[in-house]
Amino acid sequence: MQIVAANFKMHKTRKETIEYLKELKKIDFGSVKVAVFPPFTALFEDELIGAQNAYPEINGAFTGEIGLEQLSEFNIKRVLIGHSERRHIIGESQEFIAKKFDFYKKHNFEIFYCIGEPLDIRKQGLKAVVEYLKTQFVGIDLNYDKLIIAYEPVWAIGTGVSASLEEIRETHSEIRKFTSRPILYGGSVKLHNIKDILEIENVDGVLVGSASLDVEVFKEMIKIAKDEK
Ligand code: PGA
């Protein structure tokens, strides 16, 4: 089974997201699991939708955050945790990320857990990459049965330069040593490279940012995934 997920980041309004999903559902997904992560203001009840982030509390004095109570209003049971933009731009620590993981695991969420190394680590070679990724496994239950891992090298996100097929292959096979859960690749996945990426061993799907914003492109990606293993 392939997993194809769209991360809208800080793009699209509620109206646009509703139209997007209506259009998306015109195609048959087959056995592909599809997930869409819109901004908070565009959350609504739909089995495809997940939250890009959430605070590890039911509710409380956490200005600017949303928690379990807000997600539950829309019956959201899927969350993205540890995205590199939250780690590196917002400054979330591994300890805090692990807290979120624990909380949403306890509440039985499907967790898309993102990991990935910055460029200076990649330049040091695969061994350094694996050591770095291990620091992102601290406090994370890698056998959680609703866990989906997304390997997204920081230097490949939003740059238009994805990791090479060989880099993806060798990194996913290293991650596989730690978990039997699905491992997605993310970082400049586009229509022109998705097929080759999905064919790599230990790649169970993709997490798509900018290319997913165009619903026609995302539909095409799902169709390609349908034809894969
Ligand atoms: P990108 O983003 O496809 O625009 O590189 C991927 C992601 O951040 O999930």
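Both counts, for ligands and for their atoms, begin at 1 and track the order of listing.
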*Near Lys99 NZ, under 6.0 Å, is it more than 12 heavy atoms from other residues, nucleotides or ligands?*
no
*May I have all residue pairs that pass ring-ring contact (aromatic ring centres under 6.0 Å, His included) and include part of residues 147-166, sequence neighbours excluded?*
Tyr151-His172
*Do the ring planes of Phe137 and Phe178 sit parallel (below 30°), tilted (30 to 60°) or perpendicular (above 60°)?*
tilted
*Report the C-alpha separation of Glu166 and Arg169 in whole Å, then their side-chain angles, then the decisive distance to 0.1 Å, and conclude whether the salt bridge (Lys or Arg N to Asp or Glu O under 4.0 Å) test is met.*
CA-CA 5 Å; Glu166 182 52 22; Arg169 191 197 60 73; 2.8 Å; yes
*asked:* Check this for me: Lys25, atom NZ, are more than 12 non-hydrogen atoms of other residues, nucleotides or ligands nearer than 6.0 Å?
replied: yes
Ligand 1: which protein N/O atoms lie under 3.5 Å from its N/O atoms?
{"from": "ligand 1", "atom 1": "2 (O)", "to": "Lys9", "atom 2": "NZ", "distance (Å)": "3.2"}
{"from": "ligand 1", "atom 1": "3 (O)", "to": "Gly209", "atom 2": "N", "distance (Å)": "2.9"}
{"from": "ligand 1", "atom 1": "4 (O)", "to": "Ser210", "atom 2": "N", "distance (Å)": "2.9"}
{"from": "ligand 1", "atom 1": "4 (O)", "to": "Ser210", "atom 2": "OG", "distance (Å)": "2.9"}
{"from": "ligand 1", "atom 1": "5 (O)", "to": "Gly158", "atom 2": "N", "distance (Å)": "2.7"}
{"from": "ligand 1", "atom 1": "5 (O)", "to": "Ser188", "atom 2": "N", "distance (Å)": "2.8"}
{"from": "ligand 1", "atom 1": "8 (O)", "to": "Lys9", "atom 2": "NZ", "distance (Å)": "2.7"}
{"from": "ligand 1", "atom 1": "8 (O)", "to": "His83", "atom 2": "NE2", "distance (Å)": "2.7"}
{"from": "ligand 1", "atom 1": "9 (O)", "to": "His83", "atom 2": "NE2", "distance (Å)": "3.4"}
{"from": "ligand 1", "atom 1": "9 (O)", "to": "Glu152", "atom 2": "OE1", "distance (Å)": "3.4"}
{"from": "ligand 1", "atom 1": "9 (O)", "to": "Glu152", "atom 2": "OE2", "distance (Å)": "2.6"}

*Between Glu85 and Lys9, is a salt bridge (Lys or Arg N to Asp or Glu O under 4.0 Å) present by the stated rule, with each step listed?*
CA-CA 9 Å; Glu85 284 149 16; Lys9 308 190 179 184; 2.8 Å; yes
